[in-house]
Amino acid sequence: MTVRVRLAPSPTGNLHIGTARTALFNWLYARRHGGTFILRVEDTDRERSRDEYTQNILDGLAWLGITYDEGPFFQTQRRDRYTETVHDLLERGLAYYCYCTETELEELRASQKVQKLAPRYDNRHRHLTVEQRQSFEAEGRRPVIRFKIAEPREIRWHDLVRDDVVWNSRDLGGDMVIARVEESGAIGLPLYNFAVVVDDIDMGISHVIRGEDHIANTAKQILLYEALGVTPPLFAHPPLILNPQGAKISKRDGATSVSEFRAMGYLPEAFNNYMILLGWSPSNGQELFSLSEAAEQFDFDRVNAAGARFDWDKLNWLNGQYIRSLPLTELGDRLKPFWQNAGIDLTPYPESWQQELTALIAPSLTVLADAPKVAATFFVDFPDYTPEILEPLRSEVVQTALRALLDELNRRESLTAAEVNELVQAQITAQKVKKGAVMKPLRLALTAESHGTELMPTLALLHQRQLAVPRLEKALSSL
RNA sequence: GCCCCUAUCGUCUAGAGGCCUAGGACACAUCCCUUUCACGGAUGCGACACGGGUUCGAAUCCCGUUAGGGGUACCA
């Protein structure tokens, strides 16, 4: 079977993490089976669709490295096909004009609620006479097109993630609206469930892979396939990504769109890896893998049917793993926008210095955006010394040792971390002090911080930029 | 309300009737490395929701309960 799958996002918001994972599952499945991955933008909701969202979705997919083989197609450019199909259904008596007003429908639902019944359309306009239609038209009512849903009836399909799913047509809410009608009386824009089916048929989609929230739509769509005389595709409904509390993930949960994760400094490799792990696992139990590694064995029999909670800790861990596995030059490149964002300009410094800095801070990074903070001390002339911070420098031996070190530093213009280490060691031996007694005061004198990146390379990097000597002098003189 | 889906450590998961004294990863704790933090290494803590069946035997199959999630549009 030729695999043709699609991602069908609607441009009513930024690329959502759930959509991204659906994209991933589609992409992996296509890759695994040598199939085709199609991108189709579902922009029939004209009130909510916006071009900037389309752009955000395209950018997000590109950033993640999720490439598509066909598209992007836009539903608003395929109106003729929908109109044609609506006419076909109308002619064959499978669809009809419904003139109910919004108010009438609201009243219907309200009374159903009182009777503790499921809200649904009662198919009241299914058999309108010509006279009734003309009278509604004369009232100026604007109709919609509804597709007839026969009841009761069992609809079942074999879901690739949850095996057999059974639905009764009774629970579908009555005859469904498939298209609006324009003021001129012409068929207007189609509604989601209908447009999807027409598109999936036209595009030869073999597998519909989408979130669990679409399960109810599948039953409706299968009916449409039948009406159009087409064998439905196979369906796979992976579960939703839940927030840490176990509910549907929302804006309140910190971040929901791919662009936000990008801005926070997550690597696309790590983000992809994490999203796949949320619901799927390779047979060998491997936790770190690339997209292509996953594609080699991805299948729905290993996709969990239960929803997975989003866990920042694990994402952070993965991101750290990927950051540390990056070649230094590559990590340096990826860090660039984050330095820039923090107002730090690295260009005046030698490549070698930049690279040593990158190597020094790499173990401390969880996300790329951490870099400016971790490396802050390298981009100021002097840290903020206070009497409390410099307290450990008051000891006579410490001062002697630091002065000796200062003299040595003054004599050398540039030092490597290894040379700094030797130098410090030599001074410690010469001054007959304990290393532990010197290291902490040295760090404080250099950075005014008690914790930080490895001290010897830090000193070397500071000295290369002529910052170490003045800092030591200032620290010693402000005692 | 009604319909559908789901149910293994705090979290993500392995587990397709005996291999399970339930494995791994994250988190957490302790120790080691490092006279800092981080990284890294080691060890530990920690789960089959509950109740009935089926079976010689059930985390695995069936039913029910409970809990969670999703849906219930002239949104997608």
Side-chain angles (χ1 to χ4, degrees), chain A residues 8-13 19 42-45 47-49 75 98 100-102 105 109 112-121 142-146 159 161-162 165-168 170-173 176-181 188-189 191-193 195-196 210-219 237 239-240 242 244-248 274 277-288 301-302 304-318 320-321 324 360-366 370 374 434-440 442-444 447 449-455 458:
Chain A
S10 74
T12 52
T19 311
E42 315 233 310
D43 55 350
T44 51
D45 184 340
E47 272 98 74
R48 296 193 302 149
S49 294
Q75 290 190 320
C98 165
C100 289
T101 61
E102 194 54 50
L105 293 176
R109 278 182 221 120
Q112 284 162 341
K113 194 173 181 182
V114 172
Q115 297 171 68
K116 296 215 183 278
L117 294 170
R120 52 165 293 140
Y121 175 60
R142 180 104 74 97
V144 294
I145 311 294
R146 284 188 188 267
D159 196 285
V161 173
R162 27 201 107 230
V165 180
V166 186
W167 215 280
N168 196 306
R170 234 178 351 215
D171 302 316
L172 257 23
M176 62 192 270
V177 178
I178 56 173
R180 298 189 179 91
V181 171
L189 277 175
L191 258 53
Y192 172 73
N193 277 307
V196 163
R210 74 221 318 189
E212 190 186 0
D213 48 340
H214 282 283
I215 289 189
N217 291 326
T218 301
H237 292 97
L240 266 22
L242 274 19
Q245 288 72 241
K248 194 175 182 175
Y274 182 63
L277 231 30
L278 233 37
W280 180 81
S281 60
S283 55
N284 61 4
Q286 208 176 319
E287 304 256 348
L288 278 107
D301 55 5
R302 293 189 70 83
N304 239 25
R309 296 184 197 214
F310 186 88
D311 180 23
W312 286 97
D313 284 330
K314 186 118 184 196
L315 204 216
N316 286 337
W317 173 77
L318 268 169
Q321 296 298 309
R324 265 158 245 126
L360 179 62
I361 64 172
S364 308
L365 301 180
T366 296
D370 288 341
V374 172
K434 281 187 180 169
K435 196 178 179 186
V438 175
M439 296 298 267
K440 193 179 172 190
L442 177 58
R443 176 181 294 281
L444 290 170
T447 68
E449 300 278 352
S450 53
H451 303 303
T453 49
E454 258 192 281
L455 192 50
T458 300

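Not measured: the values here are computed from a predicted model. Throughout, a chain's letter reflects where its sequence line sits, starting with A, and its residues are numbered from 1.
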Between the side chains of E212(A) and K248(A), is the shortest nitrogen-to-carboxylate-oxygen separation below 4.0 Å, so that they form an ion pair? no

Say you pick atom [atom1] in [N] and the same atom in [M]; how far apart are they, in whole Å?
N      : M      : atom1 : value
A76(B) : G40(B) : C1'   : 47 Å
G17(B) : A58(B) : C1'   : 6 Å
G41(B) : G24(B) : P     : 15 Å
G57(B) : G18(B) : P     : 14 Å

Return the nearest nucleotide to the side chain of [X]; candidates are [options].
X       : options                : value
R48(A)  : G71(B), A27(B), A76(B) : A76(B)
L105(A) : C74(B), C12(B), U36(B) : C74(B)
K435(A) : U36(B), U35(B), C4(B)  : U35(B)
R443(A) : U36(B), G70(B), C26(B) : U36(B)
P119(A) : C74(B), U72(B), A76(B) : U72(B)
K248(A) : U36(B), C26(B), G69(B) : G69(B)
K434(A) : G71(B), U35(B), C75(B) : U35(B)
N304(A) : G24(B), A14(B), C74(B) : A14(B)
Q321(A) : G70(B), A14(B), G40(B) : G40(B)
A306(A) : C74(B), C2(B), A7(B)   : A7(B)

Hey, does the side-chain of [X] have a donor or acceptor N/O within less than 3.5 Å of a partner on the base of [N]?
X       : N      : answer
E212(A) : G71(B) : no
R162(A) : C5(B)  : no
R309(A) : U11(B) : no
N217(A) : A76(B) : yes

Please check this pair: side chain of [X] against backbone of [Y], looking for a donor-acceptor N/O pair closer than 3.5 Å.
X       : Y       : result
Y192(A) : T44(A)  : no
R324(A) : L365(A) : yes
S281(A) : L277(A) : no
R443(A) : T453(A) : yes

If pairing requires Watson-Crick or G-U wobble contacts with both distances under 3.5 Å, which nucleotide is the partner of [N]?
N      : value
A7(B)  : U66(B)
G40(B) : C32(B)
U72(B) : G1(B)

If each of L240(A) and I215(A) is mapped to the nucleotide of RNA chain B with the nearest heavy atom, which maps nearer the 5' terminus, i.e. the 5' end? I215(A)

When you match S283(A) and A118(A) each to their closest nucleotide on RNA chain B, which lands nearer the 5' end?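 This one resolves to A118(A).
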
With centres under 5.5 Å and planes under 30°, do H214(A) and A76(B) count as stacked? yes

CD1 on I215(A) to CG on D159(A), rounded to 0.5 Å: 6.0 Å

Which part of the nucleic acid does K440(A) contact within heavy-atom distance under 4.0 Å: base, sugar-phosphate only, or nothing?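 No contact.
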
